[in-house]
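FYI, the numbering just counts along the sequence from 1.
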Amino acid sequence: MIDLSKKYTYDELKNAAMVLVGQYPDLLRLHILGMSHDGRDIFGLRLGSAGKCLICTAGIHGRESTNPVLLLKMAEDYARSAAKGQALYDQYSIYFLPVMNPDGYEIARAGFYTIRNPILRHTLLMKDMPWEMWKYNARAVDVNRNFPCASFMPVKGMYVPASENETKILISLFKKEADSVGYLDFHSRGRIIYYYRSAMPVSYNEKGKQMAEKLKSLASYDLGGQQDEMETKSDGGNSVQYYSEKCGKLAITIETVDDDASFPLDIRYQQEVYREISEIPSGFLREYDCNFSGHSL
């Protein structure tokens, strides 16, 4: 049903999620978690009903248009496997949040006039920035620098953490899912997996590396190290750092597509990258079940 040869609007992604729930009503649940600053629903698809869940996000940066489609495709394919009796999904559920920044997604897809609020739209037009490069939300804030963790750094236009709807929604979900077993955040560029968290103890990062090595073997991606966590101090305040510090569980970033890929991302990446990363969430859960369950990080 999810067509990897097609580019999707935000509305089409949301409609596709509703269709998937209709196809697998006993396995998938659609949750509206909150609303963006321009009034778009931020939705999630939960596969399974087990309390222990893996949280997967994409689209925190608007211009990274490949991964939102791929997370919906994963939800479809994983639901199909679960319907055939895949026992893994009796023990664990997966929470897919494919478009964490729907306003930014629409801007990067079709321009600033997709923003319906006239005040927000006028402010964005004054930025004089190419819309196809837009990674921010409708208030020109980088959501993935807005989380209240040790590395948060105030910048012009973002003086306090958790100021944005999108940030608050994800923080609320992390708190609600107290039995979550980990967090995967999908971004684009580099074909690399990051696991190291400087605010966390050595034991945590050793476990993170073990998990990342497993995921690396599935995707044939590179593995980032300690020196790669942040290129500059302004790279802090992101969702994986927040989750690791506040929840104490593994939070891993998966960067898809070529390091030199240009925006807007070529549609060819959807099929290409899906072949590379489709097994990452299930691989995480299998590795967790075999080697992490019942062990403190």
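- A donor-acceptor contact shorter than 3.5 Å is absent between the side chain of Asp185 and the backbone of Ala251.
- When all heavy atoms of Asp228 and Gly225 are compared, the pair lying nearest together is OD2-N, 2.8 Å.
- The six-membered or imidazole ring of Trp134 lies near that of Phe112, with a centre-to-centre distance under 6.0 Å.
- Here the CG-CD distance, from Asp3 to Glu12, works out to 10.5 Å after rounding to the nearest 0.5 Å.
- Taking the six-membered ring where tryptophan is involved, the planes of Tyr288 and Tyr92 are perpendicular, since the angle between them exceeds 60° and thus also 30°.
- The minimum heavy-atom distance between Arg116 and Arg121, with the atom names listed, is O-NH1, 3.3 Å.
- In this structure, the side chain of Arg29 engages the main chain of Pro25 through a donor-acceptor pair within 3.5 Å.
- In this structure, Lys209 does not pair ionically with Glu206, as no charged nitrogen and carboxylate oxygen lie closer than 4.0 Å.
- Note that Lys14 lies outside the cation-pi zone of Phe43, set by a 6.0 Å cut-off to the ring centre and a 45° limit from the axis.
- In this structure a side-chain-to-backbone donor-acceptor pair under 3.5 Å is missing from Ser172 to Lys168.
- For the pair Glu272 and Arg191, the salt-bridge criterion is met [side-chain N within less than 4.0 Å of a carboxylate O].
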*Please assess His37 against Asn117 for the test side-chain contact (heavy atoms from CB on, under 4.5 Å), listing each intermediate value before the final yes or no.*
CA-CA 9 Å; His37 288 283; Asn117 182 303; over 6 Å; no
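- Within the 4.5 Å cutoff, the side chain of Leu125 has heavy atoms near those of the Tyr113 side chain.
- Side-chain contact between Ser81 and Lys84 is absent, with no heavy-atom pair separated by less than 4.5 Å.
- The cluster map of Ile, Leu, Val, Met, Phe, Trp and Tyr, joined by side-chain heavy atoms under 4.5 Å apart, puts Ile94 and Met1 in the same cluster.
- Tested against Leu250 for a side-chain contact (heavy atoms from CB on, under 4.5 Å), the candidates Phe284, Tyr243, Tyr195, Tyr183 yield a single pass: Phe284.
- Counting non-hydrogen atoms of neighbouring residues, nucleotides and ligands closer than 6.0 angstrom, the NZ atom of Lys7 exceeds 12 such neighbours.
- Applying the 6.0 Å contact sphere to CD of Glu279 captures no more than 12 heavy atoms from other residues, nucleotides or ligands.
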_Let's go through Asn291 and Gln210 carefully: what are the C-alpha distance in whole Å and the side-chain angles of both, what is the deciding distance for side-chain contact (heavy atoms from CB on, under 4.5 Å) to 0.1 Å, and is it a yes or a no?_
CA-CA 10 Å; Asn291 296 310; Gln210 179 184 338; 3.6 Å; yes
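- Between Arg268 and Asp258, at least one side-chain N (NZ, or NE/NH1/NH2) sits under 4.0 Å from a carboxylate O, which counts as a salt bridge.
- With Glu106 contributing its side chain and Tyr10 its backbone, the two residues share a donor-acceptor pair below 3.5 Å.
- In this structure, Glu177 does not pair ionically with Lys249, as no charged nitrogen and carboxylate oxygen lie closer than 4.0 Å.
- The distance from atom CG of Leu170 to atom CG of Asn146, rounded to the nearest 0.5 Å, is 11.0 Å.
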*Output, in order, the C-alpha distance, side-chain angles, deciding distance and verdict of side-chain hydrogen bond (donor to acceptor under 3.5 Å, both in side chains) for Asn137 and Ser36.*
CA-CA 8 Å; Asn137 69 356; Ser36 71; over 6 Å; no
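- In this structure, Ile254 CD1 and Glu276 CD are separated by 12.5 Å, a value rounded to the nearest 0.5 Å.
- Between Tyr274 and the options Thr66, Thr256, Asp77, a side-chain hydrogen bond (donor to acceptor under 3.5 Å, both in side chains) holds for only Asp77.
- Salt bridge present: Glu164 and Arg139 bring a charged side-chain N and a carboxylate O closer than 4.0 Å.
- Nearest heavy-atom pair across Arg197 and Tyr194 is NH2-O, 3.1 Å.
- Of the possible polar contacts, none joining the Asp289 side chain to the Leu285 backbone as a donor-acceptor pair under 3.5 Å is found.
- A distance of 8.5 Å separates CG in Leu28 from CZ in Phe96, rounded to the nearest 0.5 Å.
- Closest non-hydrogen pair, Ala79 versus Leu27, comes out as O-CD1, 3.4 Å.
- Residues Asn238 and Ile60 are not in side-chain contact: their nearest non-hydrogen atoms beyond the backbone lie 4.5 Å or more apart.
- With Gln91 contributing its side chain and Ala50 its backbone, the two residues share no donor-acceptor pair below 3.5 Å.
- Residue Tyr136 is not grouped with residue Met100 when hydrophobic side chains (ILVMFWY) are merged at heavy-atom distances under 4.5 angstrom, including chains of intermediate members.
- Side chains of Asp103 and Leu120 form no contact here, defined as non-hydrogen atoms less than 4.5 Å apart.
- Looking at Ile252 and Val240, their side chains never come closer than 4.5 Å, going by heavy atoms from C-beta outward.
- Summarising the geometry of Ile115 relative to Ala138, their closest heavy-atom pair is CD1-CB, 4.1 Å, with the distance given to 0.1 Å.
- A single hydrophobic cluster is not seen to contain both Phe186 and Val143; linkage of ILVMFWY side chains at heavy-atom distances under 4.5 Å, directly or through other members, places them apart.
- A side-chain donor-acceptor contact under 3.5 Å links Tyr78 to the backbone of Ser282.
- Note: Leu45 CG to Met18 CE = 10.5 Å, rounded to the nearest 0.5 Å.
- Taken together through direct or relayed side-chain contacts under 4.5 Å among Ile, Leu, Val, Met, Phe, Trp and Tyr, Ile32 and Met35 form parts of separate hydrophobic clusters.
- Side-chain contact between Ile193 and Thr253: absent, with no pair of heavy atoms (C-beta onward) separated by less than 4.5 Å.
- Neither Phe152 nor Tyr242 shares a network with the other; the hydrophobic side chains, linked directly or stepwise wherever heavy atoms of I, L, V, M, F, W or Y lie under 4.5 Å apart, form separate groups for each.
- Between His31 and Tyr95, the angle of the ring planes lies from 30° to 60°, which puts this pair in the tilted group.
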_Before you tell me yes or no, could you show the steps for Asn144 and Ser239 under side-chain contact (heavy atoms from CB on, under 4.5 Å), namely the whole-Å CA-CA distance, both residues' side-chain angles and the distance that decides it to 0.1 Å?_
CA-CA 6 Å; Asn144 211 36; Ser239 63; 3.5 Å; yes
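- Contact between Leu265 and Ala261 at its shortest, heavy atoms only, is CD2-CB, 3.9 Å.
- With contacts defined as side-chain heavy-atom distances shorter than 4.5 Å, the pair His61/Asn101 does not qualify.
- Contact annotation: the side chain of Ile42 approaches that of Pro102 to within less than 4.5 Å [non-hydrogen atoms, C-beta and beyond].
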*Would you check, one step at a time, whether the test side-chain contact (heavy atoms from CB on, under 4.5 Å) holds for Leu97 with Leu173?*
CA-CA 10 Å; Leu97 290 82; Leu173 180 69; 3.7 Å; yes
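- A side-chain contact (heavy atoms from CB on, under 4.5 Å) with Leu215 holds for exactly one of Ile277, Leu223, Leu184; it is Leu184.
- Checking side-chain atoms of Glu245 against main-chain N and O of Ala150 turns up a donor-acceptor pair under 3.5 Å.
- Separation of atoms CD (Glu213) and CD (Glu287) is listed at 10.5 Å; rounding is to 0.5 Å.
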